[in-house]
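Notes follow the structure.
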Amino acid sequence: MSCAPAAGVARHRCSRTRSRPSNCPPTKRSCGPRTSRALLVLLEQLTPPQRVAYVLHDLFAVPFDQIAQVLDGTVPSAKKHASRARQRLHTPAPVEARRQAPDREIVEAFLAAARTGDTREMIRLLAPDSVRDADAALLPPGARTVVTGATDIATETVRFADRVRAICRLTVDGAPAHLIAPGGHPLAVLHIGTDRGQVTRITLRPVRPTDVFAAA
């Protein structure tokens with residue numbers, strides 16, 4: 001998946017504001033599948049002027065005088081839109097939330113195994129008494145909302161590989177988490193707890209209207 005929706009806006013604006021297409025600068029950030037998915041989710045939280053100013057300036061290095069022309073405004077107002085976008089997208093998680101955050105290396109290793117259906121590796125990373133707790137609305141009819149044990153969790157996870165591949169890492173309401181966002185559309189929030197080098201708990205719930213997302 002690429003950053004087509006976000007980057008497409010920027011390329012279009014860039015071509016309008018520059019005399020030669022060759023002058024359009026490359027993006028400042030890499031745009032891998034999970035990075036682009038997170039970016040799409042975050043951009044949806046911005047107002048249209050904030051989105052344009054942020055994408056053009058921070059991702060494509062378009063000068064603010066040209067952004068002001070695109071927005072039919074002034075340079076100070078364009079700078080303010082970009083600044084407000086950064087504040088909304090890059091608000092750091094509280095110190096206490098960072099201190100209680102799960103082991104990122106273990107979480108990413110588990111998700112990597114889940115994406116490829118590596119049951120043996122998932123079982124190795126899951127604690128023997130680990131628990132998966134999911135909202136019934138996110139499961140097929142009749143599926144168990146609570147699954148216990150490394151083997152059962154790993155076996156079930158394989159069946160949801162398509163959802164795992166739609167995961168991106170963000171903070172949700174100030175706490176580190178993962179978001180299942182097919183096509184950049186938020187579907188569910190995934191919390192993975194760890195202890196002593198193993199995954200101990202997986203919690204899955206639907207996205208709420210009040211959820212606030214920020215870059216992790």
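Values in this document were obtained by computation on a predicted structure and should not be read as measured data. All values below come from the heavy atoms of this structure, side chains included, with hydrogens, waters and symmetry mates left out.
Here side chain to side chain donor-acceptor pair (under 3.5 Å) pairs that include residues 119-130, with residues two or more places apart or in two chains, are Glu121-Arg124.
In terms of heavy atoms, Ala82 sits closest to Ala53 at N-CB, 3.7 Å. Taking all atoms of both residues into account, the shortest heavy-atom contact from Thr171 to Ala215 is CG2-O, 3.8 Å. Looking at every heavy atom in both residues, Ala114 comes nearest to Thr157 through CB-CG2, 3.7 Å. Nearest heavy atoms, Val189 versus Ala177: CG1-CB, 4.2 Å. Here the shortest heavy-atom pairing between Ala68 and Val75 reads CB-N, 3.7 Å. Nearest heavy atoms, Leu138 versus Arg205: CD1-C, 3.5 Å.
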Practice problem: Apply side chain to side chain contact (heavy atoms under 4.5 Å, CB included) to Leu187 and Val207, showing your working. | Solution: CA-CA 6 Å; Leu187 172 67; Val207 166; 5.5 Å; no
Exercise. Give the intermediate values and the outcome of side chain to side chain contact (heavy atoms under 4.5 Å, CB included) for residues Leu204 and Asp133.
Key: CA-CA 6 Å; Leu204 189 65; Asp133 188 0; over 6 Å; no
Quiz item: Would Phe60 and Ile67 satisfy side chain to side chain contact (heavy atoms under 4.5 Å, CB included), going step by step from the backbone distance to the final call?
Solution: CA-CA 11 Å; Phe60 286 85; Ile67 297 174; over 6 Å; no
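Val212 places none of its side-chain heavy atoms less than 4.5 Å from the side chain of Val172. Between Lys80 and Pro76, every side-chain heavy-atom pair lies at or beyond the 4.5 Å cut-off.
Interatomic distance, CD1 of Ile153 versus OG1 of Thr148, reported as 7.0 Å (0.5 Å rounding). For the atom pair Asp173 CG and Phe213 CZ, the distance stands at 7.5 Å (nearest 0.5 Å). Between the CG atom of Leu190 and the CG atom of Leu179 there is a distance of 9.5 Å, given to the nearest 0.5 Å. Interatomic distance, Glu108 CD to Ile192 CD1, rounded to the nearest 0.5 Å: 8.0 Å. We find the CZ-CG distance between Arg86 and Leu46 to be 11.5 Å, quoted to the nearest 0.5 Å. One distance of note links CZ of Arg201 with CG of Asp195; it measures 13.0 Å at 0.5 Å rounding.
Leu111 and Ile123 sit in two unconnected hydrophobic clusters of ILVMFWY residues. Membership requires side-chain heavy atoms under 4.5 Å apart, directly or through other members. No continuous path of ILVMFWY side-chain contacts below 4.5 Å connects Val131 to Val107, so the two sit in separate hydrophobic clusters. Taking hydrophobic clusters as Ile, Leu, Val, Met, Phe, Trp and Tyr residues chained together by side-chain heavy-atom distances below 4.5 Å, Leu125 shares a cluster with Val158.
Here the side chain of Arg132 pairs a donor or acceptor atom with the backbone of Thr145 at under 3.5 angstrom. Side-chain N or O atoms of Arg169 include none that pairs as donor or acceptor with a backbone N or O of His178 at under 3.5 Å. Remark: side-chain polar atoms of Gln198 are paired, donor with acceptor, to backbone N or O of Leu126 under 3.5 angstrom. Of the possible donor and acceptor atoms, none in the side chain of Asp58 sits under 3.5 Å from a partner among the backbone N and O of Val55. Side-chain atoms of Arg165 come within 3.5 Å of backbone atoms of Arg115 as a donor-acceptor pair (strictly under, hydrogens ignored). Looking at Thr74, its side chain does come within 3.5 Å of a backbone N or O of Ser77 through a donor-acceptor pair. Judged by distance alone, the side chain of Thr155 and the main-chain N or O of Thr151 form a donor-acceptor pair under 3.5 Å. Here the side chain of Thr200 pairs a donor or acceptor atom with the backbone of Gly193 at under 3.5 angstrom.
By the salt bridge (Lys or Arg N to Asp or Glu O under 4.0 Å) test, Asp152 is found to be paired with no residue, residues two or more places apart in sequence or in another chain being considered. Contacts of Phe160 classified as ring pair (Phe, Tyr, Trp, His ring centres under 6.0 Å), with partners at least two apart in sequence or in another chain: none.
Of the residues listed (Ile202, Val164, Thr194, Asp103), the one engaging Phe110 in a side-chain contact (heavy atoms from CB on, under 4.5 Å) is Ile202, and it is the only one.
Side-chain atoms of His57 and Gln66 include no donor-acceptor pair closer than 3.5 Å.
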